[in-house]
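Excluded from the calculations below are hydrogen atoms, water molecules and symmetry mates; all remaining heavy atoms, backbone and side chain alike, are included. Everything quoted here is computed from the prediction, not taken from an experiment.
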Amino acid sequence: MSDTRITMPHRHTVRYEKGNSIIDFEVELLQGGIVFYRRGAKIISGQNQNLESATNAVEDWIKLKFGHVEVDYSD
């Protein structure tokens with residue numbers, strides 16, 4: 001996972017980068033935590049054969065960074 005990079009370039013975006021793939025996920029900051037919109041992935045560049053793996057990695061990263069995480073599964 002050393003070539004994987006997860007960052008939060010904007011307060012409404014978490015970015016997953018691996019190789020030539022860049023995927024942005026929408027988030028919403030709350031007063032005491034964050035909402036992660038799991039199905040809101042936007043592929044910015046490259047192809048990702050395993051979007052589920054990227055989504056899980058981002059969810060784990062968010063849970064490490066924030067005390068309270070709500071996960072939204074709606075489209």
Side-chain angles (χ1 to χ4, degrees):
M1 194 160 145
S2 62
D3 65 335
T4 301
R5 184 173 172 213
I6 301 172
T7 59
M8 194 168 178
H10 187 273
R11 66 186 200 153
H12 297 292
T13 305
V14 173
R15 176 167 287 167
Y16 174 91
E17 298 176 79
K18 183 172 185 175
N20 66 346
S21 294
I22 299 174
I23 306 167
D24 283 354
F25 293 87
E26 185 180 352
V27 294
E28 180 180 347
L29 292 176
L30 304 173
Q31 187 166 347
I34 192 167
V35 177
F36 172 45
Y37 295 96
R38 214 177 135 83
R39 295 190 185 177
K42 295 179 190 169
I43 298 175
I44 304 301
S45 69
Q47 294 181 351
N48 192 320
Q49 281 76 23
N50 198 346
L51 185 57
E52 185 68 22
S53 176
T55 304
N56 289 338
V58 168
E59 184 175 343
D60 291 344
W61 182 87
I62 288 171
K63 287 179 177 178
L64 287 173
K65 299 289 182 187
F66 294 90
H68 175 74
V69 178
E70 293 180 29
V71 180
D72 186 307
Y73 292 93
S74 63
D75 290 329

Closest heavy-atom pair and its distance - [X], [Y]:
| X | Y | answer |
| --- | --- | --- |
| Arg39 | Ser74 | CB-O, 3.8 Å |
| Trp61 | Thr7 | CH2-C, 4.1 Å |
| Gly32 | His68 | O-CB, 3.2 Å |
| Ser45 | Asn20 | OG-O, 3.2 Å |

Atom pair [atom1]/[atom2] of [X] and [Y] - distance to nearest 0.5 Å:
| X | Y | atom1 | atom2 | result |
| --- | --- | --- | --- | --- |
| Asp60 | Ile6 | CG | CD1 | 8.0 Å |
| Asn56 | Arg38 | CG | CZ | 4.5 Å |
| Ile22 | Arg5 | CD1 | CZ | 9.5 Å |
| Glu59 | Glu52 | CD | CD | 9.0 Å |
| Glu17 | Thr4 | CD | OG1 | 10.0 Å |
| Tyr16 | Ile44 | OH | CD1 | 14.5 Å |

- Message: Is there a side-chain contact (heavy atoms from CB on, under 4.5 Å) between Leu30 and Phe66? Walk through the geometry before answering.
- Response: CA-CA 10 Å; Leu30 304 173; Phe66 294 90; over 6 Å; no

ILVMFWY network linking [X] to [Y], side-chain heavy atoms under 4.5 angstrom:
| X | Y | result |
| --- | --- | --- |
| Val14 | Leu51 | yes |
| Val27 | Tyr73 | yes |
| Val58 | Val69 | yes |

- Query: So among Thr13, Ile62, Ile34, which one has a side chain to side chain contact (heavy atoms under 4.5 Å, CB included) with Met8?
  - Reply: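 Answer to the side chain to side chain contact (heavy atoms under 4.5 Å, CB included) test with Met8 among Thr13, Ile62, Ile34: Ile34.
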
- Message: Exactly one of His12, Glu28, Glu26 should register a side-chain hydrogen bond (donor to acceptor under 3.5 Å, both in side chains) with Tyr37. Which one does?
- Response: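 Of the listed options, the one satisfying the test is Glu28.
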
